[in-house]
Amino acid sequence: MSERDRTYDPQAVEARWQRVWTDARAWEVPDPDEAARAERPKSYVLEQLPYPSGKLHMGHMLVYTIGDVVTHFRRRNGALVLHPMGFDAFGLPAENAAFREGGHPREITERYIETIRASMQRIGWWIDWSRELSTHDPGYYRWQQWQFLRFLERGLAYRKGAHAKWCPNDQTVVANEQVLPDGSCERCGAQVESRLMEQWFFRITDYAQALLDDLETVDWPESIKARQRNWIGRSEGAEILFRIEEWEEDVAVFTTRPDTLHGATFFVLAPEHELVSRVDAPEVQEYVRRTATKRTAERAAAGEKTGVPTGLNAVNPANGERIPIWVADYVLMDYGTGAIMAVPAHDTRDFEFARAFDLRVRQVVRPLEGDVDGDEPYVQHTEGEVLVNSGDLDGLPAPEGGRRIVERLEREGRGRFTINFRLRDWGFSRQRYWGCPIPVVHCERCGIVPVPDEELPVVLPDVEDYKPKGQPPLAQAEEWVNVPCPACGGPGQRETETMDTFVDSSWYFLRYCDAQNEEAPFDRGLVDYWNPVDLYIGGVDHATMHMIYARFWVKVLNDLGLVGFREPFASFFSNGWVTAGKTKISKRAGASVAPDALVERHGADAVRLAILFLGPADQNMEWTEETAESMARFVRRLWRVVGEVAERAPQGGPAGGVLARKAHATIAKATDDIGRRFAFNTAISAVMELVNELSREPTDPDARFAAETAVSLIQPYAPHAAEELWERLGHERLWEQPWPIADPALLERDVLEVVVQVNGKLRDRLQVAPGTPEDELVALARASERVRAHLDGGEPRKTIVVPGKLVNFVV
RNA sequence: GCCGAAGUGGCGGAACUGGCAGACGCGCCGGACUCAAAAUCCGGUGCCCGCAAGGGCGUGCGGGUUCGAUCCCCGCCUUCGGCACCA
């Protein structure tokens, strides 16, 4: 044994095998022809792609190692596994990194891409780099612009004036999803304001119901589905028209409780409601001004209710009653119609408002027990409650009464059943530089004119100053902006806003399937072959935005006939957060625990093992360096034990002894843990147990088989060391070896341990042969000294026997 | 308020279908090797009583079902996460 073989040098071993794999082009997955498709199943394993706005951190270490282990496992189980990688290069994170560090966003971004790719390759993740893409590449976003134009043709992309969340610091519109609960900007922490401006939207609300229904068809954790359902927020109810008496005009409200219509004692408009701007009263306009400057946080803080009366009255269509119209900011413009009928007896918020301004309260649904009459609002729906104070409907069960009310209004043309969603259309334009240009030209004569397909891509130009200053940075690129209108040839200006980065990530998984295509976004045959993604892996933080947008995008493409499936991600594994101390590791913190430094110290194999041994991969975990040390120790131990076996253990197949049985049990456990349970930590434990037993019997006739099994099973986690040890055991190309299969015959133990209990408490253990008859087991158990002591000489009242497992006496 | 997840040794965690609670690892204790230390190896390690044999207790709390409950049911407590004047 040479000195090199004796001591484990991860840096040398890992470099060696990475060279071998690269030379063999082992990580590439060419698109299979028909014959190959018939021969092997496909599996598309995908992790959410990284933002190149910082270096790799331990969160990445976790996601990509999970994906890598599954990739190895499925490959060696015979599947053709697509496992690509790319970079989500555009968008605020990359741009902010450029501001932070100086330089052009493109340079910074590309530098980070280099760095991250080098780290990934050093860690040895089994990635098909021939399919790499970056969203800032014109070869990529050209086809995004092309798809946008298809959406535009269908009316699924449109422009409208809307109240937008505006970040005064980033000088851009931010998505609702990017505003934190306290009203601050997710990116920079500044307080977000409300502004009325023209913006681009995708009509995602057209797909609200489909997005909800199709959740039934995907295999995702229930918690993630629940978040999406929550986000889509479907409510069944009715739209009802009230008449503004003084103006002889109708105004619609949405309600989920039409049964309480007779209890409406006042009416409230959101301050942004169109009608409010037409109210002359100065105190109303003053109130509207005040709420507009109010920060989201203050308005949302459900403290004191504020509002002003308009002096106008609305007529309740159910009973002709006149009720006062108020303006109050507890009514939101972007939900329902921006106007409500207030029923203080049956809604807590209306009740609070009525209390604050001394408005009438009238109960119209009688609870089964107790009474309301002003003290507490009664809101809970209970089975069997009936209407009161509702004219001829009195005594009807509330739900039925509600139905009758809407049916009546429907006949009069003053109401209808409807469904309202919390989900709003996706505002995707950003007043920022670093994003995909929106390929349209504004023409005074023709309006918004799409750039013809053959002129794509509209390439993002360089500008002097790419920092936002109230108007989009692209407006400075005058030569680029001023172009003839594609329709009439007259003077036109390009759109200067860019697309939200979530557009980029809504279809990247399709592009991987045909990344070099210059004729189309992708070939439908290839995309339909690989998709849907069989296992998508990523963080919960993308459970709503990204994963809803991507689902929407695919549904639209399906409706356009561009893809043959309606859901992008057939199953989803949500990985936990990695924390160091108490803070989530991200680019903001944690250079000290950067994977690069850890790999330098312990080797890639040890760090890969450590991140998965830390705990269940779908739960949050706290990183500890001790774990990396302990995994490095384990690899060294494996190295030494396998070396000893290679040198001293007898040649020949397994003899079927204890060690061979243990090896087969380990195969069964590791296979189930990786393949079905995604319990990577316990799979590693199982291999450790095997190695522990092997280290006690390195010259056993089964030692060679046990060593081979251990090496083979640890390969997805520690591919470099495993490959080297496999070679040491006299074999080649472990990465191409089929995953081992447990022999059911050897899973049967030759001696079973049967537990003997008295009253459910463990009193003795028996060693018996498998298949020992029940009565013999009972006899053996009763013969036990320790059992007899607890039986107190009496007869057991009852005896329970679980064959092969236990005997329980009840006295 | 609504929705979701989770409470097990000193620590991370295991127990997969109701059947040996604490696998595996960290830490700690003891020993071997060493001039010494590191590394490595061997042994021990839930808590309490006991010299020991052995016994008792033990999976957030209180009940229940069961021969038997970390696991199922009911009622609480705590922690974490998401949504939230959503009409």
Side-chain angles (χ1 to χ4, degrees), chain A residues 181 221-231 233-235 237 253-257 260 268 270 299-303 305 328-332 334-343 346-350 352-353 379 420-424 540-541 543-544 574 576-577 609-610 613-616 618-627 629-631 633-634 636-637 640 669 672-673 676-677 679 681-692 695-696 753-765 786 789-790 796-802 804-811:
Chain A
E222 193 46 45
S223 60
I224 305 290
K225 288 189 185 185
R227 278 201 207 190
Q228 290 214 349
R229 283 192 199 103
N230 210 325
W231 194 263
R234 183 184 197 270
S235 335
V253 300
F254 172 75
T255 179
T256 53
R257 295 292 306 277
T260 64
V268 189
R299 185 165 162 176
K305 290 273 184 294
D329 67 2
Y330 83 92
V331 174
L332 307 176
D334 46 15
Y335 185 78
T337 62
I340 62 154
M341 62 177 211
V343 186
H346 305 293
D347 181 284
T348 44
R349 297 149 301 172
D350 296 344
E352 281 170 30
F353 193 81
V379 283
N420 197 54
F421 291 95
R422 202 195 75 103
L423 184 73
R424 277 153 282 173
V540 276
D541 32 351
T544 43
S574 132
W577 286 350
L609 280 163
F613 188 72
L614 218 47
D618 59 351
Q619 280 163 45
N620 297 346
M621 51 187 94
E622 191 170 332
W623 172 257
T624 56
E625 181 120 10
E626 287 77 25
T627 310
E629 280 160 17
S630 126
M631 291 303 112
R633 201 173 303 147
F634 167 62
R636 280 195 295 270
R637 181 175 161 82
R640 195 186 58 244
K669 169 99 177 124
D672 190 49
D673 280 356
R676 182 179 63 86
R677 301 175 62 216
N681 53 332
T682 52
I684 297 170
S685 299
V687 177
M688 286 176 166
E689 281 186 56
L690 177 61
V691 174
N692 286 347
S695 73
R696 284 190 277 272
E753 192 175 74
V754 171
V755 174
V756 185
Q757 298 177 335
V758 176
N759 288 334
K761 281 192 192 293
L762 174 71
R763 293 304 173 192
D764 203 358
R765 299 154 199 269
R786 278 189 280 199
H790 289 275
R797 196 157 51 80
K798 196 170 173 185
T799 304
I800 289 109
V801 182
V802 182
K805 281 204 168 155
L806 90 160
V807 177
N808 186 18
F809 296 112
V810 186
V811 293

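Naming: A, B, ... by sequence-line order, numbering from 1 per chain.
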A:N420 side chain to A:S235 main-chain N or O, any donor-acceptor pair under 3.5 Å?
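Such a contact is absent between A:N420 side chain and A:S235 backbone.
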
What is the separation between atom [atom1] on [X] and atom [atom2] on [N], rounded to the nearest whole Å?
X: A:R677; N: B:C16; atom1: CZ; atom2: P; result: 8 Å
X: A:R257; N: B:C86; atom1: CZ; atom2: P; result: 14 Å
X: A:W231; N: B:A84; atom1: CH2; atom2: P; result: 6 Å
X: A:D618; N: B:G13; atom1: CG; atom2: P; result: 11 Å
X: A:M631; N: B:C26; atom1: CE; atom2: P; result: 7 Å
X: A:N759; N: B:G55; atom1: CG; atom2: C1'; result: 16 Å

request  = Assign each of A:S223 and A:L806 to its nearest nucleotide of RNA chain B by heavy atoms, then name whichever residue's nucleotide is nearer the 5' end.
outcome  =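 The answer here is A:S223.
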
If each of A:G336 and A:V810 is mapped to the nucleotide of RNA chain B with the nearest heavy atom, which maps nearer the 5' terminus, i.e. the 5' end?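 That would be A:V810.
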
Considering only the [atom1] atoms, how many Å lie between [N] and [M], rounded to the nearest integer?
N: B:G46; M: B:U78; atom1: C1'; answer: 23 Å
N: B:A14; M: B:C24; atom1: C1'; answer: 8 Å
N: B:C16; M: B:U70; atom1: C1'; answer: 13 Å
N: B:C33; M: B:A69; atom1: C1'; answer: 49 Å
N: B:U40; M: B:A21; atom1: C1'; answer: 32 Å
N: B:C3; M: B:U8; atom1: C1'; answer: 27 Å
N: B:A15; M: B:C71; atom1: C1'; answer: 10 Å
N: B:G27; M: B:C11; atom1: C1'; answer: 7 Å

Looking at A:V691 and A:F634, what are the two nearest heavy atoms and their distance?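 In this case the closest contact between A:V691 and A:F634 is CG2-CE1, 4.1 Å.
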
> Looking only at heavy atoms, which two atoms of A:T337 and A:V253 are closest? And how far apart?
Replying inline: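 Minimum heavy-atom contact is OG1-CA, 3.4 Å.
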
Worksheet item: Is the Lys NZ or Arg CZ of A:K305 less than 6.0 Å from the centre of A:Y330's six-membered ring, within 45° of the axis?
Response: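 Satisfied, under 6.0 Å and within 45°.
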
[X] side chain, from C-beta outward: closest of [options]:
X: A:E689; options: B:A21, B:C85, B:C24; value: B:C24
X: A:R349; options: B:C86, B:C26, B:G4; value: B:C86
X: A:L332; options: B:A23, B:C86, B:C83; value: B:C86
X: A:K798; options: B:C85, B:C67, B:G25; value: B:C67
X: A:Y330; options: B:A84, B:C85, B:G25; value: B:C85
X: A:A226; options: B:C3, B:A21, B:C67; value: B:C3
X: A:F613; options: B:G12, B:A87, B:C67; value: B:G12
X: A:R633; options: B:C3, B:G27, B:A87; value: B:G27
X: A:V802; options: B:C86, B:G19, B:G25; value: B:G19
X: A:Y335; options: B:A87, B:C16, B:C67; value: B:A87

Please tell me if the side chains of A:M341 and A:T255 come closer than 4.5 Å, counting only heavy atoms from C-beta onward.
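Counting from C-beta outward, A:M341 and A:T255 do come under 4.5 Å.
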
Problem - Any donor-acceptor N or O pair under 3.5 Å, side chains A:N692, A:R637 - result: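 Yes, because at least one side-chain N or O of A:N692 sits under 3.5 Å from a partner of the opposite role on A:R637.
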
Using a heavy-atom cut-off of 4.0 Å across all strands, would you classify [X] as base, sugar-phosphate, or nothing?
X: A:N692; result: sugar-phosphate
X: A:Q757; result: base
X: A:L614; result: sugar-phosphate
X: A:P221; result: nothing
X: A:K225; result: nothing
X: A:R234; result: nothing
X: A:R227; result: sugar-phosphate

Whether the side chain of A:N808 and the base of B:C67 hold a donor-acceptor pair under 3.5 Å is what I'd like checked.
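Result: at least one qualifying N/O pair found.
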
Got a donor-acceptor pair under 3.5 Å from the side chain of A:R676 to the base of B:C16?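 Under the 3.5 Å cut-off, the side chain and the base do form a donor-acceptor pair.
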
Does a side-chain N or O from [X] land closer than 4.0 Å to OP1 or OP2 of [N], or not?
X: A:R640; N: B:U40; result: no
X: A:R636; N: B:C41; result: no
X: A:N681; N: B:C24; result: no
X: A:S235; N: B:A87; result: yes

Open item on the list: Between the side chains of A:E222 and A:R229, is the shortest nitrogen-to-carboxylate-oxygen separation below 4.0 Å, so that they form an ion pair?
Closed with: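 Yes, this pair counts.
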
B:G82: syn or anti, per glycosidic angle within 90° of 0:
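Anti conformation here, the glycosidic angle of B:G82 being more than 90° from 0.
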
